[in-house]
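Treat the numbers as computed from the prediction; the structure is a model and nothing was measured.
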Amino acid sequence: MKKLQLFILALLVGTISANAQLREASPTAGESSNSQNALFDLLYTIDIGVNGTIGANGNAGILFLDGQYWISAWASDAIHVLDASGAFVETFTIPGITGTRAMTTDGTSVYIGTAGTQIYDVDPVSRSINAIINVTSSADARMVTYDETLDGGSGGFWIGSFSNDIASVDMSGNELSVIDAATHGTAIYGGAIDNISPGGPFLWIHNQGVSQDLITQLDPATGIPTGVEYDFAIDQPAGSTGIAGGLIISDEVDPSAIALVGVCQGTPSDLIFAVELIEAAGVDDNSISNFSLYPNPASRGTVSIETADQGAKQVTIFDVLGKTVLSTTLEGTELNISSLQEGVYMVQVIQNSATATKKLIVK
């Protein structure tokens, strides 16, 4: 694995023309690329147009749901379903929605942005609108990514569009915070919130900068780029060019990793690509036999930490900024977490020279 996590922790202490009928490009270019591709492993690339069923171009939004990709055609009402290998499954529409640019999920609903001032709450089974969230913000919803930690743990969204402001909004669309366009300096198409990487949280922006297909890492607290970027233009197949489309983070597309998964609005064909964000073991490492942490989410003052070996274990809890908020040697199984505020934490357990880490949500 490339040393992305270590690099992130250390940081914390020519325009491509586009046919408007095929690729939706930002009207302004971003700053020049300062990519660190050597830090990332490209897991795979899928040619969306290879089977000729959905068309090689005009696709932008992406979601991975129940083992399948949802890929949206940004200039129509079509959403295409591909299997995990990229083979065509079906095309469907959601009545009342057209021009889908972004899709995200909280595990129950799918939320869709169409580059406007509304976020659509969609039932993924019936493929119909549950509700419409009207956004009251300086930002538009071309990028939409669900963040469970916003609004004191009640959840919300990060939204943005091209070289304009980024905002966080609550589940009703009310603005919580704003990142000024001059601060983030990106040309946003897609984005994904990252509450799992060490040293985070981070907001990854699929950025139509000078190379036109960058994934740029921001600090969501300040909106300032961290300096970490991945440039898919460098890794595109020979003879291919493209610009940034949708972006998600998924722990399902590859069993070995949690991945950043993006759409490249490409020529001659649109592409799906995935790069390793964290090795799967980096978040849910079962090197400690039968490691369990419950209840999770936790709403009371204790959690149980169990392993196959009932001996003593060193437990350290980190907040989303990587700060140690609790460290103790646990002799039994019950850990007092009454001192923790609502939020998302990483719980690291060390026992007999083995280490395991799990995410904990406190409500």
Side-chain angles (χ1 to χ4, degrees), residues 24-26 28 30-31 35 40 60-64 70-72 74 100-106 110-117 119 133 135 137-150 155-169 173 175-181 183-197 200-209 211-226 228-232 243-250 258-265 272-275 277 320:
E24 191 178 26
S26 169
T28 58
E31 298 298 322
S35 65
F40 295 83
I62 186 168
L63 185 69
F64 194 77
W70 286 15
I71 303 293
S72 67
W74 65 266
T100 296
R101 270 67 161 201
M103 295 175 282
T104 187
T105 182
D106 62 359
V110 170
Y111 299 95
I112 287 177
T114 58
T117 58
I119 299 172
I133 301 169
V135 173
S137 172
S138 60
D140 289 335
R142 182 180 304 277
M143 167 189 80
V144 180
T145 178
Y146 173 74
D147 185 350
E148 63 193 6
T149 71
L150 287 172
F157 308 94
W158 292 93
I159 62 174
S161 180
F162 290 150
S163 298
N164 300 305
D165 292 348
I166 295 172
S168 64
V169 299
E175 189 174 86
L176 299 171
S177 66
V178 176
I179 299 172
D180 184 82
T183 300
H184 67 76
T186 61
I188 307 153
Y189 201 103
I193 191 68
D194 174 7
N195 289 315
I196 54 178
S197 291
F202 300 110
L203 181 60
W204 297 88
I205 300 297
H206 208 174
N207 173 16
Q208 293 184 359
S211 84
Q212 292 284 285
D213 204 338
L214 301 172
I215 300 178
T216 301
Q217 186 191 77
L218 304 180
D219 176 352
T222 64
I224 299 172
T226 66
V228 176
E229 287 186 327
Y230 169 76
D231 188 351
F232 181 61
I243 62 177
L247 187 72
I248 59 171
I249 291 176
S250 177
I258 297 174
L260 285 164
V261 186
V263 171
C264 169
Q265 300 179 80
I272 299 170
F273 66 92
V275 294
L277 181 60
V320 292

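- For E175, there are no salt bridge (charged side-chain N to carboxylate O under 4.0 Å, His left out) partners two or more places apart in sequence or in a different chain.
- The two atoms that bring P220 and P201 nearest to each other are CD-O, 3.3 Å, heavy atoms only.
- Using a 4.5 Å heavy-atom cutoff, the side chains of V144 and I112 are not in contact.
- For S26 against S163, the heavy-atom pair with the smallest separation is OG-OG, 4.1 Å.
- The distance from atom CG of D165 to atom CD1 of I159, rounded to the nearest 0.5 Å, is 10.0 Å.
- How far CG of D106 is from OG1 of T104: 8.0 Å, rounded to the nearest 0.5 Å.
- Atoms CG and OG1, from D140 and T114 in turn, are 9.5 Å apart once rounded to the nearest 0.5 Å.
- Among residues two or more places apart in sequence or in another chain, the side-chain hydrogen bond (donor to acceptor under 3.5 Å, both in side chains) test is passed with D147 by T149, W158, N195.
- Scored by the side-chain hydrogen bond (donor to acceptor under 3.5 Å, both in side chains) test, S161 finds R142 as partners (sequence neighbours excluded).
- The shortest heavy-atom contact between Y189 and W74 is OH-CB, 3.9 Å.
- To the nearest 0.5 Å, atom OG1 of residue T145 and atom CG of residue L203 are 7.0 Å apart.
- Here the CD1 atom belonging to I179 is positioned 6.0 Å from the CG atom belonging to L218, to the nearest 0.5 angstrom.
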Could you go through V110 and W70, starting from their C-alpha distance and side-chain angles, then the distance that decides it, and tell me whether this counts as side-chain contact (heavy atoms from CB on, under 4.5 Å)?
CA-CA 11 Å; V110 170; W70 286 15; 4.2 Å; yes
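- At least one side-chain heavy atom of I166 sits less than 4.5 Å from a side-chain heavy atom of M143.
- In terms of the side-chain hydrogen bond (donor to acceptor under 3.5 Å, both in side chains) criterion, residue partners of S168 (sequence neighbours excluded) are, by chain and number, S177.
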Working for side-chain contact (heavy atoms from CB on, under 4.5 Å), residues F162 and Q208:
CA-CA 8 Å; F162 290 150; Q208 293 184 359; 4.0 Å; yes
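- Residues passing the side-chain hydrogen bond (donor to acceptor under 3.5 Å, both in side chains) test with T216, sequence neighbours excluded: N207, E229.
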The test is side-chain contact (heavy atoms from CB on, under 4.5 Å); show your working for F157 and I133 and say whether it passes.
CA-CA 11 Å; F157 308 94; I133 301 169; 4.0 Å; yes
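- Summarising the geometry, atom CD1 belonging to I193 is positioned 7.5 Å from atom CD1 belonging to I249; distances are rounded to the nearest 0.5 Å.
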Please walk me through it: do I258 and I196 pass side-chain contact (heavy atoms from CB on, under 4.5 Å)?
CA-CA 9 Å; I258 297 174; I196 54 178; 3.5 Å; yes
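- Of the candidates I248, D194, I215, L260 forms a side-chain contact (heavy atoms from CB on, under 4.5 Å) with just one, namely I215.
- By the 4.5 Å heavy-atom criterion applied to side chains, T183 and I224 are counted as neighbours.
- Annotation for I243 and E24: closest pair CD1-O, 3.6 Å, computed over non-hydrogen atoms.
- Taking all atoms of both residues into account, the shortest heavy-atom contact from Y111 to I119 is CB-CG2, 3.9 Å.
- Taking 4.5 Å as the limit, every side-chain heavy atom of V228 sits out of range of all side-chain heavy atoms of F202.
- Here the closest non-hydrogen pair linking V169 and L176 is C-CD1, 3.7 Å.
- For F273, the ring pair (Phe, Tyr, Trp, His ring centres under 6.0 Å) partners two or more places apart in sequence, or in a different chain, are H206, F232.
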